[in-house]
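Following: one structure in structure tokens, then a few remarks.
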Protein chains: 2
Amino acid sequence: MPDTNKTKKRGALATKRRILLSAKKAFAKKGLGGARIDKIADSAKANKRMIYHYFGNKTDLFLKVLEDAYTDIRYAEQQLDLDSLPAKEALDKLVCFTWNYYLANPEFITLVNSENLHQARHLKQSKIIDDISQKFVLMVERLLKRGVAEGVFRTGIDPIQLNITIAAIGYYYLTNRYTGSIVYKKDLGTEEAYEERLEFNLTTIRRLVHK
Amino acid sequence: MPDTNKTKKRGALATKRRILLSAKKAFAKKGLGGARIDKIADSAKANKRMIYHYFGNKTDLFLKVLEDAYTDIRYAEQQLDLDSLPAKEALDKLVCFTWNYYLANPEFITLVNSENLHQARHLKQSKIIDDISQKFVLMVERLLKRGVAEGVFRTGIDPIQLNITIAAIGYYYLTNRYTGSIVYKKDLGTEEAYEERLEFNLTTIRRLVHK
DNA sequence: TATGTAAATAACTAGATAGTGCATTGGAGG
DNA sequence: CCTCCAATGCACTATCTAGTTATTTACATA
């Protein structure tokens, strides 16, 4: 019988998954440089040797974690099915989704931050990122065109700049809420503060595209 | 003759300055965890011992670098003299200034990023941040009120949310331009790309406050 | 010129840290 | 039951790192 590849001799796949999950947490919390291989192995209830066995080295492990993070968010975006909604509602939905995704998956933000600190050195080598990104950009492009056709969006909006802006107003708030809470002398990390911010972001984007 | 405290026996003040400058570069490039005390000492053309002599330890040095970075930007903002301009022009000026400051002082961004990764643990202990931040928040508050009085801004805009948004749309673009260039298959780091982004940001904020 | 003191240096320590060589184990196929 | 190999475990290394101890050097003042 050939190997089913579902579970090898001794839970190989499960071990791999545990390592990836622990690595994601560690890299998100401490960055590539700050995360420790020994601690990742421990918290994955695996042996350090397995990390090198399955992933080669620390930076390869980091790349894999990063690729998975991008794959996950891009997949979730595709499930939004924006094409079946009126443009205005679709855009609102995208803004809400982006915000809620960041909130529910804080590792995504800090992983991306860490990679940008390294000037995307690892992601540049990735062979899967191009594919999954393209669909996402096209989706927003279609949405903008449709909004113009429906007569609710103005013309001439660059989809890339819009995408970046939607990400920025959520992402920045969440990454910088710690220093922000000190500078503005207000706890930006409460449930009410989050709701207030989402409302403000919806206004910002609606006004940006409005005719 | 008592010590003038300008330059002690052997360039103490100059050594301190060189250490701070090197530390700023190192922390900005690698983060608190990634920066190396030995390398900071070397590139400051100082001895490692001097770092401990003048700054105590690594985290204290980091806090000092961070405090200086905040002091610098808040000081520069005060020089804008927004109160003497019509509200609309003043707001444009603030958006441009923020963008150009980030562009000209990339260390500021990465230092703040690093501190947020640590949940502002160090800045919380700072005794000077509160003071310098307050003036800044009040400045934007006055600007918004004046814009309403002049009849050019709508009412009910939260100055904190506006501040955060102005920072976000510049800051996020610049920190994430590396992964962004891959995702959007477009070099976001060119001079033209920067000009395009600033233009877009001005539009975003103008539309956000517009009556 | 002598002297006290701050500035600077070098060598060291104790503990981490990424990565490896090699032995062991356990389960699937024969 | 046996055999084989992927999965696992353990101990080791070479290097690095924050922080320290002990010492020397240079200058301002008397």
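Proteins get letters first, then strands, A, B, ... in listed order; numbering begins at 1 in each.
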Starting at [atom1] of [X] and ending at [atom2] of [N], how long is that distance when rounded to a whole Å?
{"X": "A:Arg36", "N": "C:dG15", "atom1": "CZ", "atom2": "P", "answer": "17 Å"}
{"X": "A:Lys16", "N": "D:dA6", "atom1": "NZ", "atom2": "P", "answer": "14 Å"}
{"X": "A:Leu13", "N": "D:dA6", "atom1": "CG", "atom2": "C1'", "answer": "14 Å"}
{"X": "A:Lys39", "N": "C:dT17", "atom1": "NZ", "atom2": "P", "answer": "6 Å"}
{"X": "A:Asn57", "N": "C:dT17", "atom1": "CG", "atom2": "C1'", "answer": "14 Å"}
{"X": "A:Ile37", "N": "D:dG9", "atom1": "CD1", "atom2": "P", "answer": "16 Å"}
{"X": "B:Ile51", "N": "C:dA7", "atom1": "CD1", "atom2": "C1'", "answer": "15 Å"}
{"X": "A:Lys30", "N": "C:dT17", "atom1": "NZ", "atom2": "C1'", "answer": "14 Å"}

Inspect the surroundings of CD in B:Gln78 and state if more than 12 heavy atoms from other residues, nucleotides or ligands are less than 6.0 Å away. yes
Is it the case that the side chain of [X] and the backbone of [Y] share a donor-acceptor pair, with hydrogens and angles ignored and the cut-off at 3.5 Å?
{"X": "B:Lys29", "Y": "A:His118", "result": "no"}
{"X": "B:Asn201", "Y": "B:Val95", "result": "no"}
{"X": "B:Arg36", "Y": "B:Gly33", "result": "yes"}
{"X": "A:Tyr171", "Y": "A:Ile109", "result": "yes"}

Looking at A:Tyr54, I'd like to know whether one of its side-chain N or O atoms comes within less than 4.0 Å of OP1 or OP2 on D:dT8. yes
Determine: side-chain N/O of B:Thr15 to OP1/OP2 of C:dA8, distance under 4.0 Å, yes or no. yes
Can a donor-acceptor pair be found between the side chains of A:Lys124 and A:Gln119 at a distance below 3.5 Å? no
Pairwise distance CD1(A:Ile166) to CD1(A:Ile169) - rounded to 0.5 angstrom: 7.0 Å
Distance from A:Asn176 atom CG to B:Asn113 atom CG, nearest 0.5 Å? 6.0 Å
Using a 4.0 Å heavy-atom cut-off across all strands, classify B:Ala35 as base, sugar-phosphate, or nothing. sugar-phosphate
Of residues 60-68 of chain B, the positions that come close to DNA chain D - non-hydrogen atoms, cut-off under 4.0 Å: none
Give, ordered by number, those residues of residues 43-50 of chain A having at least one heavy-atom distance below 4.0 Å to an atom of DNA chain D; if nothing qualifies, reply none. A:Asn47, A:Arg49, A:Met50
Decide salt bridge (Lys or Arg N to Asp or Glu O under 4.0 Å) for A:Lys24 and A:Asp68; before the verdict, give the C-alpha distance in whole Å, the side-chain angles of both, and the deciding distance to 0.1 Å. CA-CA 9 Å; A:Lys24 184 164 144 187; A:Asp68 284 0; over 6 Å; no
Residue whose nearest DNA chain C nucleotide is more 5′ - B:Arg18 or A:Gly33: B:Arg18
